[in-house]
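These notes concern the structure reproduced below.
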Amino acid sequence: MVWLRKSVLSPACGLVVFRGVAAVVFGPIGTDRPAPAGGSIANDQPPSSFFQGFSPPFPTNDWWVGFAAGAGNAVVGGPFPYQSSLTATAIQFGLSASRDFDGTSIHQPSQTDWAVGFVEHNGDAKNHKALKWDSQSVTVQYFTGSSTLTSYLVPGSPYLTFSYSGATPKLTSAKGAITSFGGSSLATGASATVTGTKFQVINGAGTYIIYSLSGALSLTATNAGTITAGALFTGVLRVVKLNAPGHQNLLDQYYANYPTAVATDYDFSGDVGTLRFTWTVTGNAANLLMLTWPHHRIKMQNPNFLATSALSYLTTKGYMYPAIGNIWNLLYNLPTITWNAPRTPDSSCTANLIAGLEYEIAHLPAVTMPSDFYFFGGHVAMVSRLALIAEHVGRNDLVQPVVDYLKSMFGYMFNSASTAIPAYETAWGGIINRAGYNNVWVDYGNGYYNDHHFHYGYFLAAAAVIAKHDSSWLSTFGPKMKWYLRDIVNPSRNDPYFPVTRCRDWFAGHSWASGIANGAGPRDQESIGEAVNGYYGALLWADVTGNTDIKNYARLLIATEQHAAQVYWHLYPTASATSRDQPYPEQNLRNLVTIGNVMDFQAGAWLFWGAQKVEIAAIQILPVTPINEYMYDATWAQAVYNYTLPELNNATFGDEWKSVIYLAYSQANPASAAQLSSSLTTWGTGNSFSNQLYFLSTRSGASNVCVSAPSNPIGTFYIQSATTNAYVAASKLPDLIASTTAQSEAAKFKLAFAPNAGTISAVSTNKFVTADSSGTYTVSAARDAASAWEIFVIRPKKGAASGVYSMLAGSNKQYLTLGTNGALVNNGAVESNSAGFKLIAA
């Protein structure tokens, strides 16, 4: 592999040339030392001695970080198909031997089968370390004196590789007695010595094969569980699990070629990106035997796949099957969407959309100091969408108020007196919420590198909107925002302050949200939607700053993350259980429609924080931005809607979850989604009425989708009971009591627009009608300003005469009923409980 500089590339871009194919690895986004408002601070869980001889930055979310975090002895998922851990003296590994489904999740518990070390090791835990690492693999070395054991831990290799120098190999069973070695049974207390280059051994984990690539050696196995070489050894041993006798021929054929590292690079041709893995191989590179996961097989170009019956290992991501060769090319169609949808909103929705923008921008909450990164990020990203939508519908006059609001909000991030401020963490290397440097419960573990792509994607998306409209702000604060970009999408080892693409696992095909907390054991990621958004924020920032390289890099990250979502998070009940690329053969799991959390050893429809179907589905969908129309395929969106329908129809389940499910569903049926969305009264912290209407009205094929969507009457009215004909009396204000039959004694009310609803205010006092929080007392015209408790949904009452309405308090989803004295009380659980009201024009 040769590194060159070419004038056709950006100055910071390396060109890789092999077999006549050019690929790139982009240079660093920046190399300046971060100096955020919170200064610098060291996390209270620094790396162990595993990184001895190296300086930060260090990986924090890679599959093997458990070797360095905490005590350094966590069981980690990898190098798949194996699990592994490091003890003071040995590398432990195993292959999961069981898989179960508990009604919610599949589990493949980690298992330790063997430990590999050498006799001369002195037991000092500091006598092992990382020698090197790359974007997928890590090389580990154990040492004492001149004796060393070096292991190249490379995901996808069916063999584990152990290179000895002047050491006596020792393998120790972690699964009980050795019952057979070299074809001979071992009784209790027995031992056997075999000389050769291939050794078959059976313990409680099953059958493993040990190959020597460096000539014959003598190994002595004891029934008690040890295998020890008869002398010092310099050479390579490879160990592999033999799952089935029929796999042995293939394993025997290819064991001599082993990977020691892997280069991950890429090239771009228009809107197509090629992700390339190139393994460094000792032996014949063309005959390297590796294992593929479903997402690899779907995207690989010109692969040399072998029969699936030749070799297979079942993992939580489905079966790993064999492929030959040290170069993989995975082809992805890159997203072309940037700021807004590629279609204009359906004209039937435009008036309501503009009214919503006007209302939501006018009613933005007060600018306040954020208490964390996550909810701050979700909020400013939501607000930033209002500016982009306004721009798309031609209301440029609404853009500047949003930009000004965002600048005020971001001002807290640059103020050292703020509660939640960024600091540069020096032990590992990255930007964290300073308040969480020693407390994993702060900001979902941001200080321990959890969820960084979630948090900073929101930051970047919102900041990009400011930068798009204010070049002065970009000049002043752009360098500070770039630190967040470097934290999550730095592409280069040449950045001295941030690791490479912190959360991304290139071999797994997606990102991991978990960082170094609790010893950094198995990886997990709940919200694939927020992972995509992390890279979408990077794309927008790269676009507005003119960084074409990082824009393309972000496009590739989005394409791969969205593909992983459709393979590993989206479930398809009607898909074949036996398809080659089916990760989840269990029908009952696929009936659950959506995975909530993908982990190394578990995947299922569950969350750390919620069990509702709408929660599990929605967290994979949100935030809803234009880029995600690629991810919400219609088949899955329809299945999600059908699966969650009982909860969608239940008023006790939150609108914030329903709203994003309806938006995904709009990919399948925009008209129905528009009708359903018209019943929402809240949208959560990361969505809005305007974004709701914008997304569903810009779906492919959307036409007249808002024609039948109901809305509140607007104007000045008397409110009259349809059953008693009594009007709400002016003399009873501020309470709303229908107690007079004389219109001249009736109170006048102004009904005004609010998203999907409206406000009611008494004309005589200019006070807004507010609902009672307990649903016990009479609603009253008592508020100077309208907030959540002053929002009402007024719709034609089902089964009633024309012109008769029901009224729903948006705050507690209770309908207004009529008390014995004519008092209006928000305590009706269902619409049939609601009183009927006439609105008489005043």
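Please read all numbers here as calculations on a predicted model, not as lab measurements. What's counted below: heavy atoms across the whole structure, side chains too, no hydrogens, waters or symmetry copies.
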TODO: Apply side-chain hydrogen bond (donor to acceptor under 3.5 Å, both in side chains) to D252 and Y211, showing your working.
DONE: CA-CA 9 Å; D252 286 349; Y211 297 98; 2.6 Å; yes
Open item on the list: Please check: side-chain N/O of D134 versus main-chain N/O of A261, any donor-acceptor pairing under 3.5 Å?
Closed with: no
- [ ] Return the minimal non-hydrogen interatomic distance between S214 and V236, and the atom names on each side.
- [x] OG-N, 2.8 Å
- [ ] Run the numbers on E425 and R434 for salt bridge (charged side-chain N to carboxylate O under 4.0 Å, His left out), then give the verdict.
- [x] CA-CA 8 Å; E425 196 283 312; R434 184 182 176 95; over 6 Å; no
Task: Under-4.0 Å salt bridge between D265 and R276 - done: yes
Task: Check: W133 ring centroid to F51 ring centroid under 6.0 Å - done: yes
- [ ] Measure across Q45 and A517 and return the closest heavy-atom pair with its distance rounded to 0.1 Å.
- [x] OE1-CA, 4.3 Å
Open item on the list: For F143 together with H128, are the ring centres under 6.0 Å from each other?
Closed with: no
Task: Residues that W293 engages under ring pair (Phe, Tyr, Trp, His ring centres under 6.0 Å), provided they are two or more places apart - done: F80, F507
Task: Short side-chain to backbone donor-acceptor contact, Y159 and Y255, under 3.5 Å - done: yes
Task: Exercise: do N446 and N433 side chains pair donor with acceptor under 3.5 Å - done: no
Task: No-hydrogen, no-angle side-chain donor-acceptor test under 3.5 Å, Q525 and H453 - done: yes
- [ ] Quick one: sort the F26 and Y266 rings into parallel, tilted or perpendicular, breaks at 30° and 60°.
- [x] tilted
Task: Any donor-acceptor N or O pair under 3.5 Å, side chains N438, N43 - done: no
Task: Atom CG of N518: over 12 foreign heavy atoms under 6.0 Å - done: no
Open item on the list: Donor-acceptor pair, distance only, cut-off 3.5 Å: does the side chain of Q602 make one with the backbone of M599?
Closed with: no
Open item on the list: Distance alone, cut at 3.5 Å: any donor-acceptor contact between the side chains of R504 and T560?
Closed with: yes
Open item on the list: With a 3.5 Å distance limit and no angle check, can you tell me whether T226 reaches the backbone of T172 through a side-chain donor-acceptor pair?
Closed with: no
Open item on the list: Any donor-acceptor pair under 3.5 Å linking the side-chain atoms of D113 with those of Q111?
Closed with: yes
TODO: Check the angle between the aromatic planes of H452 and H455 and answer parallel, tilted or perpendicular using the 30° and 60° thresholds.
DONE: parallel
Task: Aromatic Y313 / basic K241 pairing, under 6.0 angstrom, 45° off normal - done: no
Task: P322 to L289 - nearest heavy-atom pair and separation - done: CB-CD1, 3.7 Å
Task: Between E120 and T144, a side-chain donor and acceptor under 3.5 Å - done: no
Open item on the list: Quick one: does any side-chain atom of Y456 pair with a main-chain N or O of I431 as donor and acceptor, under 3.5 Å?
Closed with: yes
Open item on the list: Between D581 and Y319, is there a side-chain donor-acceptor contact under 3.5 Å, judged purely by atom types and distance?
Closed with: no
Task: I227 vs K170, side chain to side chain contact (heavy atoms under 4.5 Å, CB included): CA-CA, chis, key distance, verdict - done: CA-CA 6 Å; I227 302 173; K170 182 178 181 180; over 6 Å; no
- [ ] Output the distance between atom OG (S157) and atom OH (Y258), rounded to the nearest 0.5 Å.
- [x] 11.5 Å
Open item on the list: With rounding to the nearest 0.5 angstrom, report the OG to CD distance, S110 to Q83.
Closed with: 6.0 Å
- [ ] Ignoring hydrogens and angles, tell me if any N or O in the side chain of R99 forms a donor-acceptor pair with the backbone of L314 under 3.5 Å.
- [x] no
Open item on the list: Working note: D600 + W512, criterion side chain to side chain contact (heavy atoms under 4.5 Å, CB included); need CA distance, chi angles, decisive distance, verdict.
Closed with: CA-CA 10 Å; D600 281 323; W512 295 118; 3.6 Å; yes
Task: Donor-acceptor contact below 3.5 Å, side chain H107 vs main chain P109 - done: no
Open item on the list: Please report whether the ring centroid of W328 lies less than 6.0 Å from that of W279.
Closed with: yes
Open item on the list: Between T112 and Q92, is there a side-chain donor-acceptor contact under 3.5 Å, judged purely by atom types and distance?
Closed with: no
Open item on the list: Tell me if a side-chain donor or acceptor on N490 pairs with a main-chain N or O of P499 at a distance below 3.5 Å.
Closed with: yes
TODO: Indicate yes or no for a side-chain donor-acceptor contact from Y321 to the backbone of A307 under 3.5 Å, with no hydrogens or angles considered.
DONE: no
Open item on the list: Between R523 and D505, does any side-chain N to carboxylate O distance fall below 4.0 Å?
Closed with: no
TODO: Nearest 0.5 Å please: distance from the OH atom of Y497 over to the OH atom of Y424.
DONE: 7.0 Å
Open item on the list: Can you see whether T197 engages S212 through a side-chain donor-acceptor pair at a distance of less than 3.5 angstrom?
Closed with: no
Task: Stepwise side chain to side chain contact (heavy atoms under 4.5 Å, CB included) check, I106 with F601 - done: CA-CA 8 Å; I106 54 160; F601 307 134; over 6 Å; no
- [ ] To the nearest 0.5 Å, tell me how far R238 CZ sits from L251 CG.
- [x] 10.0 Å
TODO: For side chain to side chain contact (heavy atoms under 4.5 Å, CB included), just list the numbers for I210 and K198, CA-CA rounded to whole Å, side-chain angles, deciding distance to a tenth of an Å, and then say yes or no.
DONE: CA-CA 6 Å; I210 304 167; K198 176 185 174 183; over 6 Å; no
- [ ] Verify whether one side chain among S492 and D495 offers a donor that lies under 3.5 Å from an acceptor in the other.
- [x] no
Open item on the list: Using every non-hydrogen atom in the two residues, find where S105 and G604 come nearest and quote the distance to one decimal.
Closed with: OG-CA, 3.3 Å
Task: Side-chain donor/acceptor of N61 to backbone N/O of S514, under 3.5 Å - done: yes
Task: Over all atoms of both residues, closest heavy-atom pair of S84 and P79 - done: OG-CD, 3.9 Å
Open item on the list: For the NZ atom of K132 and the OG1 atom of T260, what is their distance to the nearest 0.5 Å?
Closed with: 4.5 Å
Task: Atom CZ of F58 with >12 non-hydrogen neighbours under 6.0 angstrom - done: yes
Open item on the list: Regarding T193 and T220, do their side chains bring together a donor and an acceptor under 3.5 Å, going by distance alone?
Closed with: yes
- [ ] Mind listing the closest non-hydrogen atom pair of P294 and Y568 along with its distance?
- [x] CD-OH, 3.4 Å
Open item on the list: Quick one, T264 with S135, criterion side-chain hydrogen bond (donor to acceptor under 3.5 Å, both in side chains). Give me CA distance, side-chain angles, the key distance, then yes/no.
Closed with: CA-CA 7 Å; T264 302; S135 59; 2.6 Å; yes
Open item on the list: Quick check on W609: does its CH2 atom have over 12 non-hydrogen neighbours (other residues, nucleotides or ligands) under 6.0 Å away?
Closed with: yes
- [ ] Show the numbers, then the answer: is there a side-chain hydrogen bond (donor to acceptor under 3.5 Å, both in side chains) between S191 and T222?
- [x] CA-CA 4 Å; S191 64; T222 68; over 6 Å; no
Task: Spatial distance of atom OG1 (T60) from atom CG (D487) [nearest 0.5 Å] - done: 7.5 Å
Task: Side-chain heavy atoms of V239 within contact of Y208, under 4.5 Å - done: yes
Open item on the list: Test side-chain hydrogen bond (donor to acceptor under 3.5 Å, both in side chains) on T315 and Q108; report intermediate values, then the result.
Closed with: CA-CA 7 Å; T315 72; Q108 285 200 230; 5.5 Å; no
